[in-house]
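One is the number of the first residue; the rest follow in order along the sequence. Remember, it's a predicted structure, so these values are computed and weren't measured experimentally.
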Amino acid sequence: MLIFSIGISEGSYRRIIDTAAKSGAGHVLIQPMEFDILDPHAIPDPQGVLQVVRGIEGARPMTRTQALALATTAEGAATLMVMGIEPAAEKEVSLFAEALTIGEWLPDAPGRIPKALLGADIARRLNVGLGDRVVLTAQAQGEMSAELVRVHGIFSSGSEEIDAGMLLVHHQVVQA
């Protein structure tokens, strides 16, 4: 009975870790030593870091850029986490591609009006669907910046926090 209980516990624990890794955290996070969530800094040489990590057998590195932003639509506004991703690499490792319920996965290039994927709960709250526009406003280095994106897909990850407050877009959009 004890061996059976341990087996079930271990399976649950592995599933929790896998779900957390696939929902955006990854298994390993690389950030600057002086990183402070209230005053984030970029990695000085991200391409150099990626090159080193690509040399590790079994590693599948990718760039993710995150920012808090105000999402504004004709129907309202909400604060959310904008995660900039590399669409092709992200599709291979995260749960977002399989959680897509409406629309299509992001294209490999951001385009003139970048396409975005939105959590189902935040899409409902903002009353937006496929093809609708969302204006993202964020602050970076003391400057306000706004970007217009178009809803290309809606996902339902099963996590209330993710579905109610996350938007995915090409990482170049967030970096800009």
_Whether the side chain of T137 engages the backbone of M144 through a donor-acceptor N/O pair (distance < 3.5 Å, no angle test) should be reported._
no

*Are L167 and I122 close enough that some pair of their side-chain heavy atoms sits under 4.5 Å apart?*
no

*Sequence neighbours left out, what passes salt bridge (Lys or Arg N to Asp or Glu O under 4.0 Å) with R124? Give chain and number order.*
D121

*Should L118 and I162 be regarded as members of a common hydrophobic cluster, given that ILVMFWY residues are connected when their side-chain heavy atoms come within less than 4.5 Å of each other, either directly or indirectly?*
no

*Would a hydrophobic clustering, with Ile, Leu, Val, Met, Phe, Trp and Tyr connected at side-chain separations under 4.5 Å, put L80 with V174?*
yes

*Let me see the working for S94 and R64 under side chain to side chain contact (heavy atoms under 4.5 Å, CB included), right down to the final yes or no.*
CA-CA 12 Å; S94 76; R64 286 186 181 141; 4.3 Å; yes

*Are L95 and M83 linked, directly or through other ILVMFWY residues, by side chains that come within less than 4.5 angstrom of each other?*
yes

*Are V173 and L106 in one and the same hydrophobic cluster, where Ile, Leu, Val, Met, Phe, Trp and Tyr link if side-chain heavy atoms are under 4.5 Å apart?*
no

*Q172 atom CD, over 12 foreign heavy atoms within 6.0 Å*: yes

*Should V82 and V149 count as side-chain neighbours, where that means a heavy-atom distance under 4.5 Å?*
no

*Can you tell me how far the CD atom of E98 sits from the OG atom of S157, to the nearest 0.5 Å?*
10.5 Å

*Do the side chains of I85 and F96 get nearer than 4.5 Å, heavy atoms only?*
no

_As an exercise, state the distance from CZ of R150 to NZ of K115, rounded to the nearest 0.5 Å._
8.5 Å

Listing, residues 68-78 side-chain donor-acceptor contacts under 3.5 Å, not counting sequence neighbours, or none:
from, atom 1, to, atom 2, distance (Å)
T73, OG1, E75, N, 3.1
T73, OG1, G76, N, 3.2
T73, OG1, G76, O, 3.3
T73, OG1, L126, O, 3.2

_Point-to-point distance, once rounded to the nearest 0.5 Å, from NE2 of H170 to CG of L117_ = 12.0 Å

